[in-house]
Amino acid sequence: MEYTRYLLDNGLRVLVNSDYNSPMVAMNILYDIGARDEDPSLTGFAHLFEHLMFGGSANIPDFDSPLQMAGGENNAYTNNDYTDYHLTLPFQNLETGFWLESDRMNELAFSQDSLDVQRKVVIEEYRQRYLNQPYGDAWLYLKPLAYKVHPYLWSTIGKEISHIENARLSDVKKFFYGNYAPNNAILTLSGSIKPEEAHELAKKWFGPIPSREIKIRNIPQEPVQTDYRYLEVQRPVPSPAVYIAWHMGDRFSREYYILDLLSDILSNGMSARLFLRLVKDRQLFSDIDAYITGDRDPGLFVISGRLASGIAAESGIKAIHEEIARIISEPIAERELNKVKNRAESQFLFSNMNVQNKAMNLAYFEWLGNADMIGCEMDLIRSVTVAEIKATAENVLRETNCSCLVYINNGEK
Amino acid sequence: MDRKTIPEIKTVTRLPLIHTENTRLSNGIPVVIIAAGTEPVCRVDLVFEAGSRYQDNIFQASLTNQMIPEGTGNLTGGSIAEEFEFYGSYFNISADRDEADITIHSLEKHLEPVLSLMSQVLIHPAFPEEELNIIKANRIESMKVDDQRVESLARKQFNKEIYGENHPYGIVGEIADITGIKSAALTSFHSRFYNQSHCRIMITGPHPDQYLPLVDQYFGINWPVNGDQKITALPELPTILPCVPKRCIITRPDAVQTAIRIGKPLFNRLHPDFQGLTIVNTILGGYFGSRLMSNIREEKGYTYGIASHLLSLRDSGYFVIGSTVKAEVWEETITECMKEIDRLCTEKVKTGELELVRNYLTGQIQRSLDGPFQLADQLRALWMHDLDLNFLSVFMELINAITPEEIRDLAARHLHPANLTVVAAGPMKSSD
């Protein structure tokens, strides 16, 4: 992906990808602040704050209406590591996006009403996504089982509802000035826009915003796990389910690419091993998946599945470990490895098909260190060898590095 | 600098230029070709009139669709999937009430082997009984999970209420319906509906001239219509009886929230009021700044989200509001929804709000056409009714011309609160 990079005096990085095939421009702002930066007694705050970013800024009482008036649409998300805001507009009205995003980076309105309502909205989001679904609270248990020290131990939505209820307007102000700043953000654009024009608009609207002092993060790192961890929860679920997690390397480690491919070998697609062997041949699971969490700090390699009717969780867990043992004892065929590499390559192409995805990818890789990394991703994936997968599986997928969460049916309907 | 004033807004009134072309394969299958995109990837949609409305047994249509890639005479499901995945390509299968499809995404350079394989899979599926049993068992497991979700309970009940639980559009499959289906039923459904006369194909990508001969080779020349092949006429849809508005309560004491559906059967895109009512629906609950979102979420904080939709089926359509709300406020939410609808039916929308919705909708149309595959999705939805992009040009004109009076009258004609069916599923707590 071609792009031009600018650095404003206040520290804001601006990256522009011109794509004149689109009638739109996508604008993405990534703030380098996520759930891992939260105070352990105020978890869920980064995400709650994301909601407040729509409650009006110093000069604009409401974010959404003017954007919609300009034919735009927007959304945002928060994860463990960062917070992302994205919008798309017809290219004719792009300046409205600059006007809106720069005003809320400059200063929020800090409205008590907005805080009161958004606390309620986020609590309903908590209930809808995590409490009102079978197996919905799995990650609320799995993360603190796997992490004891690192803030990845809590979920983006927060450890508990009371943390959201307890958020005060003074916390909101402190959070804003401590984290939302041009020198802690990346602005990317993709679509019908010339790089020079985007640069001029960025200087005009974002240039006057002062840089702010950002505390250097000091995140406690997770000590090496030394024993197998197991937790059983009883729920009125239709069938047992298992979630097995192993600690792995960070986003910059070679392990990241190796285990990403291994998770594909195990479960990406209908010819993947866990699906063919455990769902179809042995009919132990009705559904199974393997994936990496993809976090910036050391993350997790996870295998999760729902057991088939009448199958006990232990049999499922045993079968998963047998599949892992096979990865280590029998070399993976070159064709099988090439298959998942080809698939990764095409998924990468398919993920760059519209301006919003392009702006988002550009911001993400720039946040990782440098947007040029986009061009290296495929080479890194292609370079993974059969021997590396075996060695990494042996090193990571060990019992003492493993946390296992099991849902057991408690007999209620 | 002036941060108070919004930069000048330009109203967009024209659709972006899009190149489509209609043609036919050698065996007569109609094809739409969309030239779009810059990346070396393409998509082929094989669309069949093989939705659940045509089935004799519940689940026959969806299981036929799901079982097509599960094996041919000499290939297993696993080896078929392996080969697709080796080429970095993938396919999606789906079946709804009217249509069923197989959508292939492929790198341009591998399109030929991918189409060759897919033509064998599609034309000669074996429907092995063992695979079917596994798929049935897994479907039952996921239905058990769904049956614990108030959202899916409310959705199923709403569907039964508006079309009647015996009408092909209203039938909702339950676990008991799936167990008796045998492979023979799928073979029969496949031969009746997955054939040349009930098929349409859409081809999308930057170089469609290169793909068309390949598509014709594998789905045209290699798939001739035999002289003695009987063409099954599509069964007529039974008359949809008028919907008597009802209020249904499903009590689930353990649920944490209440799922709500409010709506009624209406009409599809071919109805002269459809486009106007789409604008009405947008104002009510069709975008983030809608009246329902402003009232129920942004003012009261009762829910994470609420939205309304106008859905278009081949021979009908319906209007529905959906939300999952805090358990104690379900009745109040329904009352507020009715108030908002009533306000649309009786009061004229203010100029500022209408202006905003006009601009939002034109932006939305442009957005929906951005990127080759989003564009293909839009055209697919129109093509079901034999409509093309002209439908959107006309819609653009209406968006810019419709008056507040027309909006009010459309709402009053079609969305009167007394005619709406309400379904609520949850613990059924009360606020007092």
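Remember, it's a predicted structure, so these values are computed and weren't measured experimentally. These numbers come from the heavy atoms of this one structure, side chains and all, not from hydrogens, waters or symmetry mates.
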If you draw a 6.0 Å radius around [atom1] in [X], do more than 12 non-hydrogen atoms from other residues or ligands fall strictly inside?
X: A:Lys339; atom1: NZ; value: yes
X: A:Glu2; atom1: CD; value: no
X: B:Arg14; atom1: CZ; value: no

For [X] against [Y], the heavy-atom pair lying closest together:
X: B:Arg149; Y: A:Pro134; answer: CG-CD, 3.6 Å
X: A:Asn268; Y: B:Glu85; answer: O-OE1, 3.9 Å
X: B:Gln148; Y: A:Pro236; answer: NE2-O, 2.7 Å
X: A:Gly71; Y: B:Arg367; answer: O-NH2, 3.0 Å
X: B:Asp370; Y: A:Pro23; answer: OD1-CD, 4.0 Å
X: B:Gly289; Y: A:Gln68; answer: N-NE2, 3.3 Å

Picking from [options], which has the most non-hydrogen pairs under 4.5 angstrom with chain B?
options: A:Met270, A:Gln92, A:Arg335; value: A:Arg335
options: A:Gln347, A:Glu345, A:Gln118; value: A:Gln118
options: A:Glu336, A:Gln356, A:Arg129; value: A:Arg129
options: A:Asn352, A:Asn342, A:Asn74, A:Ile60; value: A:Asn342
options: A:Ala308, A:Ala272, A:Gly72, A:Ser239; value: A:Gly72
options: A:Lys341, A:Glu95, A:Arg119; value: A:Glu95

Contacting moiety of [X], where chain B heavy atoms sit under 4.5 Å:
X: A:Leu276; result: side chain
X: A:Phe275; result: neither
X: A:Pro61; result: neither
X: A:Val340; result: neither
X: A:Val122; result: neither
X: A:Leu89; result: backbone
X: A:Ile123; result: neither
X: A:Ser114; result: neither
X: A:Asp103; result: both
X: A:Ala26; result: neither

*For residues 112-131 of chain A, which residue pairs qualify under ring-ring contact (aromatic ring centres under 6.0 Å, His included), counting only residues two or more places apart or in two chains?*
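ring-ring contact (aromatic ring centres under 6.0 Å, His included) check on residues 112-131 of chain A returns A:Tyr126-A:Tyr130.
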
Backbone N or O of [Y] within a donor-acceptor pair of the [X] side chain at under 3.5 Å?
X: B:Arg3; Y: A:Trp205; value: yes
X: A:Arg343; Y: B:Phe84; value: no
X: A:Asn93; Y: B:Ile9; value: no
X: B:Gln257; Y: A:Gln128; value: yes

Name the region of [X], side chain, backbone, both or neither, that has any atom closer than 4.5 Å to a heavy atom of chain A.
X: B:Asp2; value: backbone
X: B:Thr5; value: backbone
X: B:Thr362; value: neither
X: B:Glu299; value: backbone
X: B:Ser106; value: backbone
X: B:Gln374; value: side chain
X: B:Ala137; value: neither
X: B:Val12; value: side chain
X: B:Ile134; value: side chain
X: B:Val325; value: backbone

*Assess the side chains of B:Ser142 and A:Arg306: does a donor N or O sit below 3.5 Å from an acceptor N or O?*
no

_Stepwise side chain to side chain contact (heavy atoms under 4.5 Å, CB included) check, B:Val41 with A:Ser346_ = CA-CA 8 Å; B:Val41 294; A:Ser346 73; 5.9 Å; no

Measure the [atom1]-[atom2] distance between [X] and [Y] for me, rounded to the nearest 0.5 Å.
X: B:Tyr360; Y: A:Ser65; atom1: OH; atom2: OG; answer: 12.5 Å
X: A:Glu73; Y: B:Phe288; atom1: CD; atom2: CZ; answer: 9.0 Å
X: A:Leu67; Y: B:Ile6; atom1: CG; atom2: CD1; answer: 8.5 Å
X: A:Lys120; Y: B:Thr303; atom1: NZ; atom2: OG1; answer: 13.0 Å
X: A:Asn132; Y: B:Thr258; atom1: CG; atom2: OG1; answer: 8.5 Å

*With side chain to side chain contact (heavy atoms under 4.5 Å, CB included) as the test, would you mind laying out the steps for A:Met69 and B:Arg358 before giving the verdict?*
CA-CA 8 Å; A:Met69 185 62 93; B:Arg358 288 192 213 279; over 6 Å; no

*Go through the steps to decide whether B:Glu130 and A:Lys280 satisfy the test side chain to side chain contact (heavy atoms under 4.5 Å, CB included), and finish with yes or no.*
CA-CA 9 Å; B:Glu130 326 74 268; A:Lys280 287 187 127 182; over 6 Å; no

*asked:* Tell me which of these, B:His110, B:Glu8, B:Met1, has more heavy-atom pairs under 4.5 Å with chain A than the rest.
replied: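 Option with the greatest count: B:Met1.
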
_Under the rule for ring pair (Phe, Tyr, Trp, His ring centres under 6.0 Å), what residues qualify as partners of B:His105, not counting sequence neighbours?_
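Scan of B:His105 (ring pair (Phe, Tyr, Trp, His ring centres under 6.0 Å), adjacent residues dropped) gives A:Phe350, B:Tyr90, B:Phe373.
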
*Passes side chain to side chain contact (heavy atoms under 4.5 Å, CB included), B:Asn138 versus A:Asp287? Steps please.*
CA-CA 7 Å; B:Asn138 295 341; A:Asp287 188 28; over 6 Å; no

*Should B:Lys300 and A:Glu124 count as an ion pair when the cut-off is N to O under 4.0 Å?*
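Salt bridge between B:Lys300 and A:Glu124, a charged N being under 4.0 Å from a carboxylate O: no.
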
